[in-house]
Amino acid sequence: MPISDLGLDKTLAALGVAQASQVPALFAEVRAHFEGHFKTVHDESEWKMFRDRWLGRKSGVLTQITENWLKPATPELKRAVGASLNELRAYVETQIEARRTAIESGAEEAALARGRIDLSLPGVIRPVGSRHLIRQVFQEIEDIFFSIGFSIVEGPEIETPYYNFEALNIPEFHPVRDDMDTFYIDLPKGAPGQLLLRTHTSPMQIRTMEKRKPPVRIIVPGKVYRRDNPDATHSFIFHQVEGLAVDSDITFCDFTGTIEYFVKQFFGPSVKTRFRPSYFPFTEPSVEFDVSCPFCSGTGSSAGGGTCSKCKGAAWIELFGAGMVDPAVYGFVNYDAKKVSGFAFGMGVDRLAMLKYGIDDIQVFFQNDVRFLRQFP
Ligand code: PHE
């Protein structure tokens with residue numbers, strides 16, 4: 001029944017109510033109407049509309065009853081209307097107030113339920129990183145040399161031509177500069193001198209000998225840069241470990257013994273080493289060290305009888321350059337070439353890692369593909 005049917009805008013006389021005995025039934029209807037609508041009040045906005053409808057000062061149901069039914073009523077009716085109205089008001093007010101509390105606590109509970117932590121849910125598992133294979137191989141190399149008395153030093157990747165070339169007995173226009181296609185750094189006009197990205201870790205031989213008196217026994221792990229086009233065995237950035245030992249009585253035997261010790265520690269006791277004459281401006285004599293191919297055990301043929309794909313049948317794999325320190329180098333660092341002797345070597349870490357772990361493309365070291373990285377946790 002619509003609320004307008006209650007006759008709230010009419011006087012009791014107009015509604016045909018003349019006796020006190022008719023009043024309770026009239027109010028019972030109003031109350032039934034209240035209850036019918038009250039059932040539909042569930043949230044705060046519904047509740048506000050409902051409260052205004054019933055308790056609003058100007059035109060709420062109770063105000064209308066006061067204005068239209070009570071005030072104009074005959075003295076005989078006034079008592080009964082007044083009593084019923086008071087009863088109705090008390091009922092309506094308590095009901096409406098009770099609903100407010102219910103709605104508020106319901107909302108609170110819902111909010112609590114939303115914020116409750118479900119301890120039975122599985123946790124968020126964040127993957128733990130691991131060291132890059134190159135980092136791991138650096139560590140292996142460092143451990144081996146550390147155990148035989150070498151210490152580890154690091155140096156700048158941005159170098160001067162003096163340390164990268166001149167002091168290593170590579171004067172300007174020396175042909176080996178062509179083999180080391182170099183990245184030069186664009187400096188502002190008028191800047192004194194030149195800077196470059198070091199093409200090898202050998203500059204640290206000079207920097208170390210400038211600072212220390214012999215005996216010197218160091219290795220230098222680090223990044224180096226060359227203008228190479230990327231392919232399976234070339235990258236414009238790669239890694240080297242330099243070695244330098246200088247003392248008063250170091251011989252070629254100490255040199256080959258140290259290298260052989262390292263290679264066997266790194267690849268295992270069954271590999272063999274050999275060296276061939278080579279040339280570097282800062283060592284004399286210079287050699288290339290080879291290791292017997294760890295994939296075909298130095299036979300040159302694969303298990304199936306074909307040619308070993310790693311050493312291409314050669315049975316040997318070129319490992320690194322080395323030699324006895326050229327006396328000319330001592331001149332640059334104020335060592336007395338008559339009193340000291342020593343050896344130096346430089347190894348490509350990426351190459352060692354590829355050989356030891358059977359990787360055939362150097363590019364995977366720089367692509368950071370987790371499918372590759374996860375294989376070396
Ligand atoms: N610096 C040389 C290179 O990068 C390697 C090397 C180091 C050779 C030390 C001899 C002695 O090719």
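The analysis underlying the following values was restricted to heavy atoms, covering all of them including side chains, and did not include hydrogens, waters or symmetry mates. Start at 1 and go down the list; that is how both ligands and their atoms are numbered. Just so it is clear, the structure is predicted and the values come from calculations on it, not from any experiment.
Side-chain contact check for Thr199 and Asn164: at least one donor-acceptor pair (N or O, by modelled atom type) lies under 3.5 Å.
Relative ring orientation between Phe50 and Trp54 is described as tilted, the plane-to-plane angle lying within the 30° to 60° band.
Looking at Arg274 and Asp290, a side-chain N of the basic residue comes within less than 4.0 Å of a carboxylate O on the acidic one, giving a salt bridge. Salt bridge annotation for Asp336-Lys338: absent, with no cationic side-chain nitrogen under 4.0 angstrom from a carboxylate oxygen. A salt bridge between Glu140 and Lys356 is present, with a side-chain N of the basic residue lying under 4.0 Å from a carboxylate O of the acidic one.
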Between ligand 1 and the protein, which N/O pairs are shorter than 3.5 Å?
| from | atom 1 | to | atom 2 | distance (Å) |
| --- | --- | --- | --- | --- |
| ligand 1 | 1 (N) | His200 | ND1 | 2.9 |
| ligand 1 | 1 (N) | Ser202 | OG | 2.9 |
| ligand 1 | 4 (O) | Arg226 | NH2 | 3.0 |
| ligand 1 | 4 (O) | Gln240 | NE2 | 2.9 |

What's the verdict on ring pair (Phe, Tyr, Trp, His ring centres under 6.0 Å) for Phe145 and Tyr261, showing C-alpha distance, side-chain angles and the deciding distance? CA-CA 9 Å; Phe145 282 105; Tyr261 175 79; 8.3 Å; no
